[in-house]
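We use all heavy atoms of the structure for the numbers below, so side chains are in, but hydrogens, waters and symmetry mates are not. For the single chain, residues carry numbers from 1 onward in sequence order.
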Amino acid sequence: MARIVTVEEHELSKEAADDYAALKAQGKLSNMKQALLRDHRTFKAFIGWYDSWASLADVVGNRAATVYAHAISTTNSCQLCSLFFINDLRELGLDPASFETTEAEAELQELATQIVKDPTSVSDDLFERLHQRYSDDQIVVIVGFAAQMIATNNFNSVLQIDVDRRLLPLKDEFHPATWRNNR
């Protein structure tokens, strides 16, 4: 159960209520967004995730972006985000528990794991490989997205935001990472 109560439209400021109504009309009002709308400025900061996602998908493609976001979220043990990306992988025709990655996707998974586990120790070897594939501008997009994804993971995990109803059938497919247990 979430550590905070999500809000309803009538409880919000005009700006937040407008965003709430727009999200609801688009079918995009998630539990996380309802929690974020408690503070409209925080909501606006987090909603920038979508711009970062669009840039990432432009750089690496939608499938690789989904693989990367899934790797970040599962390594960070964020149940809610992991379930969203498990769903997205399934929509791409991939089995989230076992699918073959391209070389580029494998590098993004490796980067995701290293960033989440210890951002100060991302290997020079990995960056050399990334530089062979991406420009500095593109690497900023890739790493910037990871930072936004991790912030989203942390928000959802700390507040224990409830799993959205549409994701409940996938709940058993989430397996928290255990790497922290071995430290």
Side-chain angles (χ1 to χ4, degrees), residues 1-9 20 23-38 42-43 46-50 52-54 56-57 60-119 122 142-143 145-183:
M1 183 165 176
R3 290 179 164 165
I4 62 166
V5 177
T6 56
V7 293
E8 297 299 325
E9 188 174 359
Y20 183 105
L23 289 166
K24 190 172 182 179
Q26 298 163 8
K28 295 182 178 182
L29 184 63
S30 65
N31 291 338
M32 177 187 153
K33 289 173 189 156
Q34 276 188 271
L36 284 165
L37 282 164
R38 287 189 156 281
T42 301
F43 169 79
F46 273 81
I47 212 71
W49 180 95
Y50 289 96
S52 187
W53 171 264
L56 178 67
V60 303
N62 189 60
R63 176 185 150 131
T66 304
V67 168
Y68 184 50
H70 177 256
I72 294 166
S73 298
T74 57
T75 303
N76 210 15
S77 292
C78 178
Q79 180 184 39
L80 182 58
C81 295
S82 295
L83 291 174
F84 271 106
F85 292 110
I86 286 170
N87 183 69
D88 291 351
L89 288 168
R90 288 199 176 285
E91 287 179 359
L92 291 170
L94 302 173
D95 176 357
S98 63
F99 63 94
E100 287 191 43
T101 60
T102 66
E103 186 177 313
E105 291 168 348
E107 287 172 354
L108 291 171
Q109 286 178 319
E110 184 179 348
L111 178 63
T113 301
Q114 288 187 28
I115 288 173
V116 171
K117 287 184 174 183
D118 187 355
V122 175
I142 293 165
V143 173
F145 175 80
Q148 288 212 283
M149 190 75 252
I150 291 166
T152 300
N153 293 165
N154 290 347
F155 181 86
N156 288 321
S157 295
V158 169
L159 294 180
Q160 298 176 1
I161 300 299
D162 293 329
V163 172
D164 291 84
R165 179 174 285 133
R166 72 180 183 91
L167 299 173
L168 287 174
L170 302 174
K171 204 168 178 182
D172 290 341
E173 294 187 47
F174 171 70
H175 304 287
T178 59
W179 63 271
R180 288 181 177 99
N181 300 341
N182 301 325
R183 294 205 289 164

Working to the nearest 0.5 Å, report the span between [atom1] of [X] and [atom2] of [Y].
X	Y	atom1	atom2	value
W49	M32	CH2	CE	9.0 Å
C78	M149	SG	CE	6.5 Å
T152	L80	OG1	CG	10.0 Å
T6	L36	OG1	CG	11.5 Å
S77	W179	OG	CH2	8.0 Å
T113	D118	OG1	CG	12.5 Å

I'd like to check [X] versus [Y] (side-chain heavy atoms, cut-off strictly below 4.5 Å). Are they in contact?
X	Y	value
P96	R90	yes
R63	L94	yes
I72	F145	yes
R180	T75	no
Y68	I142	yes
Y50	K28	no
L92	D88	no

Output side-chain donor-acceptor pairs under 3.5 Å for residues 157-172, partner residues at least two apart or in another chain, one line each.
from	atom 1	to	atom 2	distance (Å)
S157	OG	N153	O	3.0
D162	OD1	A2	N	3.0
D164	OD2	N31	N	2.8

Task: For the student: nearest non-hydrogen atoms of N62 and W53, plus distance - done: OD1-CZ2, 3.5 Å
Open item on the list: Could you report the tightest heavy-atom contact between D95 and F99, atom names first, then the distance?
Closed with: O-CD2, 3.2 Å
- [ ] Kindly say whether E105 contributes a backbone atom to a donor-acceptor pair with the side chain of T102 at under 3.5 angstrom?
- [x] yes
Open item on the list: Checking the side chain of S82 only, and the main-chain atoms of S73 only, is there a donor and an acceptor separated by less than 3.5 Å?
Closed with: yes
TODO: Take L108 and V67 through the test side chain to side chain contact (heavy atoms under 4.5 Å, CB included) and record every step on the way to the result.
DONE: CA-CA 8 Å; L108 291 171; V67 168; 5.9 Å; no
Open item on the list: Would you say that more than 12 heavy atoms from the other residues, nucleotides or ligands in this model lie under 6.0 Å from the CD of E100, or not?
Closed with: no
Open item on the list: Set out, in order, the CA-CA distance, both residues' side-chain angles and the distance that settles side chain to side chain contact (heavy atoms under 4.5 Å, CB included) for Q34 and E8, then state yes or no.
Closed with: CA-CA 8 Å; Q34 276 188 271; E8 297 299 325; 3.7 Å; yes
Task: Step-by-step side chain to side chain contact (heavy atoms under 4.5 Å, CB included) determination, N156 to Q79 - done: CA-CA 8 Å; N156 288 321; Q79 180 184 39; over 6 Å; no
Task: side chain to side chain contact (heavy atoms under 4.5 Å, CB included) between T66 and F84, worked out - done: CA-CA 10 Å; T66 304; F84 271 106; over 6 Å; no
